[in-house]
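Structure first, commentary second.
All values reported here derive from a predicted model rather than from experimental measurement. Hydrogens, waters and symmetry mates are skipped; everything else that's a heavy atom, side chains included, is used. Numbered from 1 within each chain, the chains take letters A, B, ... in sequence-line order.
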Number of protein chains: 2
Amino acid sequence: MSSKARGAASSRSQDPIRKPLDADAVATAAFELFSRQGYNATSLDQVASALGISKAAIYYHHAGKEAILRHGLDAAMAALESMLQEAVFQSTANPPLDRFAYLVRRGSQIGLAHKATVEVLLRLKGNSEIERSLLKRRRAFDAAAAAILREAVTTGDLQAGSNPTVLASLSIGVINTLVEWYRPDRAIPAGELAEVVVRFVMSGLPRTGTERI
Amino acid sequence: MSSKARGAASSRSQDPIRKPLDADAVATAAFELFSRQGYNATSLDQVASALGISKAAIYYHHAGKEAILRHGLDAAMAALESMLQEAVFQSTANPPLDRFAYLVRRGSQIGLAHKATVEVLLRLKGNSEIERSLLKRRRAFDAAAAAILREAVTTGDLQAGSNPTVLASLSIGVINTLVEWYRPDRAIPAGELAEVVVRFVMSGLPRTGTERI
DNA sequence: GTCTATACCTGGATAGAC
DNA sequence: GTCTATCCAGGTATAGAC
């Protein structure tokens, strides 16, 4: 944060001692802007001046704008996918709804921890080959979540006649939307928020006389 | 749809008899693309060729790209706001949670009916004065929804200690995310979906042995 | 590793004919 | 109302010096 404050201040030449930039640092600064303004609405000039370097210097670290996008989103998707593996392959002794709750909790935590990248990930529209490949991975994620709920229907934990695909989309949608409005300076800390999300997904609005689990 | 198929086919000059274009028709075509590709990623050239006209012709109907944005979003926000008035000023004899359920149901219906415009509305980042004024109206909407839940806490319908603001954001977030993934060609029709959303917000995942209202 | 300068192109917007 | 032609700003990317 201190390095960002300095960078934002401006011309980095006035800052004799500072950590040398690397690909990650450039990507982090870029995603901060991508998430606030949108990918297309952000120019490399803005990224450069946020870092206190010139636009051309960015090309030393990344092949181009899309390369930055891929760099950051690859990392975010990898984190989410490895979490999904944990959730899916958790002891099958655990009821499916427990595994789903785990997925929602961890998904919220990861989303909040990687807020900027995840926010960009969620706004992809498939306008390039890179975006389409990321979207494909995202859909695989959704499908895996739906599979857990489908299992919950067969075990009878979820009401017969429920639509697992739709319910999974709604549940994951809560996480997605969460990432868009949460600001770290909020009254409620991120850790608690993940729990609120889990309760909301499992039980909806906390009405009186309906305490469950 | 037939007019769109013709337009998409291409050069409108090969289409002797067709309804003359007006500002609404241009905006509708534009929002179809805005919602699929994003506002910034869509050029007026693309809008023009989708309509089968030249880019310059667009300027006869609208002052510019941002004017198209305002045209469509003004209409969408107006529909949402008038619905909110209904929900808020509904007979106070109705419990707050009933009014909130109404808001969620109608919000889902309106969102699905105006899918393209609402989707664009939800992706605004405040990059221009127009966008910021729309975002302000959106926040007022969220605040009004939160006020209903706050009332529900005071009446005891919602558990004491609940955070109405967060719960309102999560609830409205479900509607928002809904608009992003729903496709009319889905297995589930839009009408039913709104009911699923209401149940999800009020009760969460439909677990067995937890039927409530 | 970072700079300045610049090539090149896309996209929004305007002029003026029909 | 719609066209063709054109202007111009801004954005990605590259060249070459330091």
Side-chain angles (χ1 to χ4, degrees), chain A residues 3 6-7 9-31 33-34 37-72 125 127-131, chain B residues 3 6-7 9-31 33-34 37-72 125 127-131:
Chain A
S3 80
R6 266 182 281 137
S10 79
S11 174
R12 164 170 151 285
S13 47
Q14 301 164 329
D15 186 11
I17 34 169
R18 61 151 198 89
K19 249 194 295 191
L21 290 178
D22 60 4
D24 277 323
V26 171
T28 300
F31 271 82
L33 291 167
F34 291 169
Q37 309 177 330
Y39 174 75
N40 285 298
T42 302
S43 71
L44 292 184
D45 256 329
Q46 292 177 312
V47 175
S49 72
L51 284 162
I53 62 177
S54 76
K55 187 169 52 170
I58 292 178
Y59 286 84
Y60 177 82
H61 300 286
H62 295 278
K65 197 183 181 185
E66 281 220 303
I68 300 177
L69 188 69
R70 160 171 263 154
H71 182 97
K125 280 299 194 176
N127 291 331
S128 69
E129 210 42 64
I130 292 179
E131 292 191 19
Chain B
S3 80
R6 265 181 284 139
S10 78
S11 174
R12 165 172 150 282
S13 46
Q14 300 165 332
D15 185 13
I17 32 167
R18 61 152 198 86
K19 246 192 298 187
L21 291 177
D22 61 4
D24 277 323
V26 172
T28 300
F31 271 83
L33 290 168
F34 291 169
Q37 308 178 333
Y39 173 74
N40 286 299
T42 301
S43 71
L44 291 184
D45 257 327
Q46 292 177 312
V47 175
S49 72
L51 284 164
I53 61 176
S54 75
K55 185 168 58 168
I58 293 178
Y59 286 85
Y60 177 81
H61 300 286
H62 295 278
K65 196 182 182 188
E66 282 219 303
I68 300 177
L69 188 69
R70 159 171 266 156
H71 182 98
K125 279 300 195 175
N127 291 330
S128 68
E129 209 45 61
I130 292 178
E131 292 193 18

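- The two residues Lys125(A) and Gly38(B) make their nearest non-hydrogen contact at CG-N, 4.2 Å.
- Atom CG of Asn40(A) sits about 10.0 Å away from atom CD of Gln37(B), to the nearest 0.5 Å.
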Filtered N/O pairs between nucleotides 15-18 of chain D and protein, under 3.5 Å:
none

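- Counting to the nearest Å, the C1' atom of dT14(C) and the NE2 atom of His61(B) are 17 Å from each other.
- The heavy-atom pair separating Ala67(A) from Ala63(A) by the smallest distance is CB-N, 3.8 Å.
- Per the geometry, CD1 belonging to Ile58(B) stands 13 Å off P belonging to dT14(C), to the nearest Å.
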Short N/O separations, protein against nucleotides 8-12 of chain D, under 3.5 angstrom:
unit_1  : atom_1 : unit_2   : atom_2 : d
dT12(D) : OP1    : Lys65(A) : NZ     : 3.1
dT12(D) : OP2    : Leu44(A) : N      : 2.9
dT12(D) : O4     : Lys55(A) : NZ     : 3.4

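- Protein atom CG of Leu69(B) is 13 Å distant from nucleotide atom P of dG12(C), rounded to whole Å.
- Counting all heavy atoms, side chain and backbone alike, Ser54(B) lies closest to Ala48(B) at C-CB, 3.6 Å.
- Here dT2(C) presents its C1' atom at 12 Å from CG of Leu51(A), a figure rounded to the nearest Å.
- Sorted by first and then second residue, the side chain to side chain donor-acceptor pair (under 3.5 Å) pairs with a member in residues 56-70 of chain A read Glu66(A)-Ser128(A); sequence neighbours excluded.
- Distance OH (Tyr60(A)) to P (dT2(C)): 8 Å, rounded to an integer number of Å.
- For the atom pair OG1 (Thr28(B)) and CG (Leu21(B)), the distance works out to 10.5 Å, reported to the nearest 0.5 Å.
- Annotation: the span from Leu44(A) atom CG to Ile58(A) atom CD1 amounts to 5.0 Å, rounded to 0.5 Å.
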For Phe31(B) and Ile68(B), what are the C-alpha separation, side-chain angles and deciding distance, and is it a side chain to side chain contact (heavy atoms under 4.5 Å, CB included)?
CA-CA 9 Å; Phe31(B) 271 83; Ile68(B) 300 177; 4.3 Å; yes
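- Using a 4.0 Å cut-off, no side-chain N or O of His62(A) falls inside it from OP1 or OP2 of dA13(D).
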